[in-house]
Amino acid sequence: MSLAIELSAVVVTVRDNEAVVLCLTLPKGETEAFALPSGPFLPQNHRTFDLALRAFVREQTGFAIGYVEQLYSFGDDGRQGIAASAPADNPEVDRVVSVGYLALTPEAGSQARFDAAWQPFHRFFPWEDWRLGENPALDALRPALLHWSETAETTSERALRLRRVATLFPEDFDNWNEERVLDRYELLYNVGLAGEAHRHDGAAGAPFSGDPMTSDHRRILATGLSRLRGKLKYRPVIFELMPERFTLLELQKSLEALSGLRLHKQNFRRGLERTGFVRPLGVMREDTGGRPAELYTYDQEQFRFAPSLGLSLPRA
């Protein structure tokens, strides 16, 4: 069996108080499909995976990425890559193994390539956004999930399905675990509610199940969002996404966009003050649409050797 290695990048930033991911738009028959920037790893051209990733993201999107970390390897049987090494283009390759990466950048400028654009996370995972206190997509999906549970062949299987649905899609928001993005997507895929589950039978996914992506890129994207949401709590990665100067409200809105949660303003600021991550600049921003707000900056030098600290996310 011959293998080809593909690298896929989940490039994230916050734009206009929305968490967005860099996507390519690929022609697919009469429709278009979204894809993550991806490319083959060619050892003769690049010494490391990281260098290869940065090179093809710049080539495909015209965008240079900043912070990068490896996510996971995806190599299920039957997986199709979108790079030049994909089995569809190279019959000598039996399987494509994709190494996923999470990349963060504070820059959300326009891309040089016309088919590269920032897309909001909730376009692909609409049930993950709880900032308004309610979620129509989740309300639409839950009856289908309960129907799937009730159609189990045995009582024990029915109980197991009901427990799985109640754990991942609880009716009580206090029990919602924002980090389990991948688990929720895989449940929707297994039930047949995600569009990718019907790639071979021509059927559509359920309404409100989000836009599908080519190959298994939505699974890679869900892995990236899960990793990022968890990492916010134990590493100051949020500042990889912030400009050099920002207001505390901008910092809170960015955290809310990434976590999908609405945060308690006073508790958030008290927790932030205890960390000492930011320091005031003594400069006021006037263009806030309300009262002037003081500008802050991340005290990077102070925490250069203490990266295990993160921010608490106190829910409103």
Side-chain angles (χ1 to χ4, degrees), residues 9-22 54 57-58 61-69 101-111 118-122 129-132 178-179 224-225 227-316:
V10 178
V11 185
V12 180
T13 194
V14 177
R15 192 178 197 181
D16 298 328
N17 296 329
E18 288 294 342
V20 292
V21 61
L22 190 58
R54 293 177 186 277
V57 169
R58 187 181 301 108
T61 69
F63 194 82
I65 55 179
Y67 173 95
V68 169
E69 70 169 81
Y101 278 81
L102 174 65
L104 308 179
T105 175
E107 302 293 337
S110 56
Q111 283 68 57
W118 295 102
Q119 301 294 341
F121 269 109
H122 60 69
D129 191 352
W130 286 82
R131 287 174 294 172
L132 298 180
E178 71 278 4
E179 296 179 33
L225 184 55
R227 171 76 65 85
L228 180 55
R229 285 182 169 183
K231 214 171 186 71
L232 290 173
K233 301 173 185 177
Y234 66 88
R235 286 201 57 185
V237 293
I238 183 61
F239 298 106
E240 301 285 347
L241 300 168
M242 301 301 296
E244 184 178 355
R245 306 195 305 176
F246 51 84
T247 68
L248 296 186
L249 182 59
E250 288 172 335
L251 180 61
Q252 178 180 334
K253 292 294 185 182
S254 296
L255 283 165
E256 290 177 336
L258 293 166
S259 66
L261 306 175
R262 186 159 50 93
L263 303 182
H264 190 283
K265 181 178 178 180
Q266 287 75 23
N267 289 343
F268 166 71
R269 295 195 176 186
R270 279 193 288 266
L272 178 63
E273 183 178 355
R274 285 194 295 269
T275 67
F277 279 148
V278 300
R279 57 182 173 83
L281 295 174
V283 179
M284 306 300 288
R285 172 168 288 169
E286 305 289 342
D287 58 344
T288 61
R291 296 173 58 187
E294 187 168 12
L295 290 171
Y296 288 75
T297 190
Y298 172 49
D299 196 346
Q300 185 174 4
E301 289 301 321
Q302 181 177 348
F303 295 97
R304 183 180 295 276
F305 302 106
S308 60
L309 299 174
L311 290 170
S312 62
L313 302 178
R315 304 185 184 190

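Distance check, rounded to the nearest 0.5 Å: CZ of Arg315 to CD of Glu256 gives 12.5 Å. Remark: Arg15 CZ to Ser254 OG distance equals 13.5 Å, nearest 0.5 Å. Note: Met242 CE to Tyr296 OH = 13.0 Å, rounded to the nearest 0.5 Å. Rounded to the nearest 0.5 angstrom, Leu295 CG and Leu248 CG are separated by 9.5 Å. Distance check, rounded to the nearest 0.5 Å: CD of Gln252 to OG1 of Thr247 gives 9.5 Å.
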Tyr298 and Ile238: side chain to side chain contact (heavy atoms under 4.5 Å, CB included), yes or no, with the steps?
CA-CA 10 Å; Tyr298 172 49; Ile238 183 61; over 6 Å; no
Full working for side chain to side chain contact (heavy atoms under 4.5 Å, CB included) between Thr13 and Trp118
CA-CA 9 Å; Thr13 194; Trp118 295 102; 3.7 Å; yes
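Between Pro236 and Phe277 the shortest heavy-atom distance is CB-CZ, 4.0 Å. Across Ser312 and Pro314, no two heavy atoms sit closer than the pair O-CD, 3.2 Å. Contact record, Gly310 with Thr275: O-CG2, 4.0 Å, taken as the closest heavy-atom pair. Closest non-hydrogen pair, Met284 versus Pro292, comes out as CE-O, 3.7 Å. Considering all non-hydrogen atoms of both residues, Ser259 and Leu313 come closest at CB-CD1, 4.0 Å. Smallest separation of non-hydrogen atoms from Pro243 and Pro106: N-CB, 4.4 Å.
Contact annotation: the side chain of Arg269 approaches that of Leu249 to within less than 4.5 Å [non-hydrogen atoms, C-beta and beyond]. Here the side chains of Phe121 and Asp129 are not in contact, with every heavy-atom distance at 4.5 Å or above. Side chains of Phe239 and Phe246 form a contact here, defined as non-hydrogen atoms less than 4.5 Å apart.
Residues that satisfy the side-chain contact (heavy atoms from CB on, under 4.5 Å) test with Arg229, not counting sequence neighbours, are Glu128, Glu178, Glu179, Val181, Arg184, Leu225. With sequence neighbours left out, Arg279 forms a side chain to side chain donor-acceptor pair (under 3.5 Å) with no residue at all.
Salt-bridge formation is not detected for the pair Glu240/Arg235: no Lys NZ or Arg NE/NH1/NH2 atom is positioned less than 4.0 Å from an Asp or Glu carboxylate oxygen.
The environment of Lys231 atom NZ is dense: over 12 non-hydrogen atoms of other residues, nucleotides or ligands sit within 6.0 angstrom. Other residues, nucleotides and ligands contribute more than 12 heavy atoms inside 6.0 Å of the CD atom of Glu69.
Across Val12, Val68, Val237, Val11, a single residue satisfies side chain to side chain contact (heavy atoms under 4.5 Å, CB included) together with Leu102, and that is Val12. Leu255 pairs in a side chain to side chain contact (heavy atoms under 4.5 Å, CB included) with only one of the listed residues (Leu241, Leu232, Val14, Leu261), which is Leu232.
For the pair Arg270 (side chain) and Lys265 (backbone), a donor-acceptor distance under 3.5 Å is absent. Between the side chain of Glu294 and the backbone N or O of Gly282 there is at least one donor-acceptor pair closer than 3.5 Å. Here the side chain of Thr105 pairs no donor or acceptor atom with the backbone of Ile65 at under 3.5 angstrom. Proximity of a side-chain donor or acceptor of Thr297 to a complementary backbone N or O of Arg245 within less than 3.5 Å is not detected.
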